[in-house]
Amino acid sequence: MHKEFLMGNEAIALGAIAAGVNLVSGYPGTPSSEVLETVAKRRTSDIYVEWSVNEKTAMEVASGAAYTGARCMVTMKQVGLNVASDPLMSLEYIGVKGGMVVLVADDPGPVSSQTEQDTRCFAAFSKLPCFDPSDPQEAYEMVQEAFEYSEQYGTPVFFRPTTRVCHGYASITVKDETEYQPHRFEGFVKDTGRWVIFPRLSYQNHIKIEARNVKLAEDFSRYSRNRIYPACERNQKLKKGVVSGGISFTYAIETLEQLGMARLFKVSTPHPFPEQLALEFLDGLEEVLCIEELDPVLERELNYLCGKHHLPVKIYGKLTGHVKNAGENSRDSVQNDLVQFLGADAGGSPGNPDPPALPARPPVLCAGCPHRASFYAVKTAMKGRKTVFCGDIGCYTLGNAIPLDMVDTCLCMGAGLGIAQGIGHMEPDTACFAFVGDSTFFASAVTGVINAVYNQANMTLIILDNSTTAMTGHQPHPGTGQTMMGEIVQKINIESVLRGIGLTVVETVNPLDYQASLECVKQTADEPGVKAIIFKSPCIALTRPSGSMTVDSRKCTGCRKCIRELGCPALILSEGRVCIDSSLCTGCSLCAQICPAGAICSPKGCTPCPACAVCSPKGRTPDPAGEADASGNNSSCPADDACHLADQGGVHNE
Amino acid sequence: MNKNIILCGVGGQGTVLASKLIAAAAMKKDLPVMSAETIGMAQRGGSVFSHIRIGEGLHSPMIAEGTADVILGFEPGEAVRMLPYLKDGGQVIVSSRGIMPVTAALSGTPYQSGEMISYLKTRTDHLLVIDTEKACRELGSSRVLNMLLLGAAIHSGALGLTDTEIKEVIKERVPEKYHNINFRALEYTHSL
């Protein structure tokens, strides 16, 4: 055993490796992505790991592995589970031979997601067991236990951390490599009565599943991570209890250790609910507060139990308005809820008087991002026309921000294509565009293109190909020619795919060439039927910047067109003058190409501006601290931290 | 030793590396450490923070309001944003250089970081404002902000860590060619 400072997701990965996992598949999505990446980085030689093309495929790949008796894990974020739910809902009836952990990271807030859905509910819906860790150390140990339960009961199990557990760090104790338990397996054994789903088999297995879950609930009442903390109940006369789980439990126990005024029940397996232990907890209590995020899962279970056993206990929580019913809990919100529930003295600080107005810092496309140029070209080319711009999930969702304002709709991965078709069928005079990134294209847009071609839609497909899955931290995908096993393989060419589907108009253009892009959009958009433009230029995190642009104040007329129309973070105002922040500028030159006064020039081509020191003619200075980052990631990323340890933005995926 | 430390700034300023160094130095002293930081969309030019907690008997990676021993503000407005976390008598160390958000450039009403520093002065007696622009010029690098602030925090005594302890982890985690510039930045506030 030794100590490491690990992110929750890294701890989960190391736990799975220690448990002898044989295969890990997944699709990137914040806050889950680092699990698979860590497995790839820290794997022992016989572990197979892949970024699958989407979550459904990842689930199927893992299922196949589990049929052989191998231990496997499949990783995704909560909305990814929606994509993978088809195979999972059937797998529930088939079961597994090798242990199978379905890791789904939930995102209360949501911090970087489209939904606040609760995978604990999905566990109940699919009748599968669910593990809910509270911190990195527990996650490390619990994932190993999850494999044991999965194998013992022959069922896939959910492992559901939330953002603060996934991305929290802690110094934790982990096994040395010599202590890892290798998992040997038998291989696939043909048995159509077991592996081929038919209505009769589903019926028979449904009976078994219901019986199994009763047994599991009893088992979970003895599981040491479901626990009553009487230590928090120093005053025996009080008749109050608190139920919690996940990250909220850490907030609750810290508060209750100070206040000592309630019995605390930690639920680590929300499904099947550990009824027996819950009854012990409820014994003698009059009031219980449920502290949880997302859906009132624990609260409903307790209400059910109280009804079933005629217990005179009042259950409070989200359903009664005692805990907020949306958004993330915080250390302070939980403390406040508990203080109120217990009638404790808040103590509290006097608070600060209102500070001056703080700057809002909404997320924006990076300086030099090729997506900005693509959006700008389409926007300018289609000016004055009736248009709808259907966006999608990825960095380019940020094209919605002022001044670009180029995302009229965004729903889920790949949906932009279908939405553009639907609007087009109802409004034939509207020029409908769908924007989709390269990773999202492979994940969930191909079927949308086939549908458009087959059903004679009239739309323009814009592929924003930056050669990576940028928003979740630059994962490879089928178009990049790299796999997570470290192999270099043939790239799947998007243009060939589109032509193979039957598109005849497929143009590829560099978005950083403004005139060419503008002409391309103007010509292509008027073609009939389904046509595509591939804007191809790598993410700035993948390339070295070519040096900062500069503004010649003698030529600059102060019209601010660059700032007003591009919204690039490197274009700033200093003492009323337009300047370029040389620490951010990558030299993409889009601003120079649209400047009506020709006042912006590349580092080589102009005399330094004498007005101020902001536009440094020297361009970017080296970055000793940033480049020195121990993570060894891309040091050329101008967003620094962004692509090192933490660029795992990510709505769903790209 | 129990310490609650907050680092805050704008994505790209080096808060992540600084927090990793603090955690590594504490671990070397066999102290339990936890941290939580901003990851995600907010990072692209957005406000970022790290909560670091050092000591026994902790559960939550998040610091409760009014309990931070020290706030390292990589940007004045961001330090003000985190001020509710500062405990009575806590230390604030802040870079004087404001970073304008894109929205301010668009609206043409630049935000005034000077106002933020003035506000901080009225809120705490333990405020250290570092002229990081001057320091970076003198050190010949624009990217040592994190080391400057970390150095100042060490010298204030608020971290409970020493120069030597931080240098040791820098040596382990940072390529040798960058040791010198990082050490000089770390020591810069000594001479102030």
Side-chain angles (χ1 to χ4, degrees), chain A residues 3 5 30-31 111-112 135 164 167-171 250-251 253-254 330-332 335 348-349 351-352 355-356 358-366 398 402-403 563-564 567 569 571-573 583 621-630 638-642 644-651, chain B residues 10-17 20 23-24 27 32-48 58-66 77 80-81 83-84 88 100-106 108 110-111 115-116 119 123 141-144 146-147 173-175 178 181-182:
Chain A
K3 288 233 173 217
F5 190 60
T30 309
V111 180
S112 44
D135 60 59
R164 298 287 172 203
H167 286 166
Y169 279 84
S171 51
T250 71
Y251 306 153
I253 191 170
E254 241 172 45
S330 70
R331 175 70 179 74
D332 295 296
Q335 180 159 323
S349 58
N352 289 301
L358 289 166
R361 300 189 192 276
V364 289
L365 293 170
C366 299
L398 299 177
I402 300 294
I563 287 183
R564 278 186 291 110
L571 289 164
I572 55 173
L573 280 175
S583 70
T621 43
D623 166 20
E627 279 199 353
D629 194 299
D640 194 0
D641 288 352
H644 288 179
L645 301 144
D647 183 22
Q648 291 76 359
V651 200
Chain B
V10 175
Q13 287 191 303
T15 52
V16 172
L17 177 62
K20 292 281 172 294
M27 272 188 78
V33 192
M34 296 181 138
S35 77
E37 55 204 30
T38 328
I39 291 182
M41 286 183 86
Q43 197 152 32
R44 290 161 199 276
S47 306
V48 295
L58 305 172
H59 299 281
S60 153
M62 307 298 287
I63 295 171
E65 287 188 6
V80 171
R81 211 188 296 276
L83 206 57
D88 283 345
M100 210 180 4
V102 183
T103 46
L106 275 177
Y111 118 85
E115 275 180 37
M116 300 295 161
Y119 177 78
R123 301 308 309 153
S141 166
S142 64
R143 310 295 290 261
V144 290
N146 51 5
M147 294 298 149
R173 296 173 155 250
V174 170
Y178 300 120
I181 180 71
N182 279 326

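The structure presented is a predicted model; accordingly, all values stated were derived computationally and were not measured. Sequence lines set the chain letters: A, B, ... in the order given, protein chains first and strands last, and positions in each chain run from 1.
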Quick one: does [X]'s side chain get under 4.5 Å of [Y]'s, heavy atoms only?
{"X": "A/Arg564", "Y": "A/Pro403", "value": "no"}
{"X": "B/Met34", "Y": "B/Ile63", "value": "no"}
{"X": "B/Met147", "Y": "B/Tyr178", "value": "no"}

Interface moiety of B/Leu58 toward chain A, non-hydrogen atoms closer than 4.5 Å: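 Both the backbone and the side chain of B/Leu58 come within 4.5 Å of chain A.
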Region of B/Met27 in contact with chain A, defined by heavy-atom distances below 4.5 Å: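 Answer is side chain: those atoms of B/Met27 sit under 4.5 Å from chain A.
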Among the listed options B/Pro61, B/Ala24, B/Ala36, B/Ala64, the residue most often paired with chain A at heavy-atom distances under 4.5 Å: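 Of B/Pro61, B/Ala24, B/Ala36, B/Ala64, B/Ala64 has the most heavy-atom pairs under 4.5 Å with chain A.
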Smallest separation among heavy atoms of B/Val144 and B/Ile181, with atom names: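 Minimum heavy-atom separation between B/Val144 and B/Ile181: CG1-CG1, 3.8 Å.
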Option that, when pairs with chain B are counted at under 4.5 Å, heavy atom only, ranks first among A/Ser330, A/Pro359, A/Ala170, A/Pro569: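 The answer is A/Pro359.
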